[in-house]
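Presented below is the structure to which this report refers.
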Amino acid sequence: MKRLLFLMMAGLIGLLAWSATFTVEEGHLAIVSRFGAPKQVIAKPGLHMKWPAPIEEIQRLDGRVSVLNTERAEFLT
């Protein structure tokens, strides 16, 4: 019985630790929002910590600059 309780607690702690970490890849940004309000922007790649899922959410964006240079053209409106 004690072993089962220990395994359940270890699983719960592991699940909590897994939901409180996230990674930011190189060239990407992560916006951390707490209860829907943006709190910080993380641009440094690597492993980061946050509060578990119901409290803080992560939105990942591409941080690279996208430039589109097209030739001038005439458009009929």
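The model shown is predicted, which means the values in this text are computed figures rather than measured ones.
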[X] vs [Y] side-chain heavy atoms within contact, under 4.5 Å:
X: His48; Y: Val24; result: yes
X: Glu25; Y: Pro45; result: no
X: Ile58; Y: Val32; result: yes

Enter the distance from [X]:[atom1] to [Y]:[atom2] here, rounded to the nearest 0.5 Å.
X: Glu57; Y: Ile31; atom1: CD; atom2: CD1; answer: 13.0 Å
X: Arg60; Y: Phe22; atom1: CZ; atom2: CZ; answer: 7.0 Å
X: Ser33; Y: Ile55; atom1: OG; atom2: CD1; answer: 12.0 Å
X: Gln40; Y: Lys50; atom1: CD; atom2: NZ; answer: 12.0 Å

ILVMFWY cluster, Trp51 and Phe35 together (side-chain gap under 4.5 Å):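 Same cluster: Trp51 reaches Phe35 through Ile, Leu, Val, Met, Phe, Trp or Tyr contacts under 4.5 Å.
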
Asp62 to Gly27 - nearest heavy-atom pair and separation: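 Asp62 and Gly27 have their closest heavy atoms at OD1-O, 3.3 Å.
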
Minimal non-hydrogen separation, Leu29 against Gly63, with atom names: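 Taking every non-hydrogen atom into account, CG-CA, 4.0 Å.
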
Test: Glu56 and Arg34 ion pair at under 4.0 Å: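 Yes, Glu56 and Arg34 are salt-bridged.
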
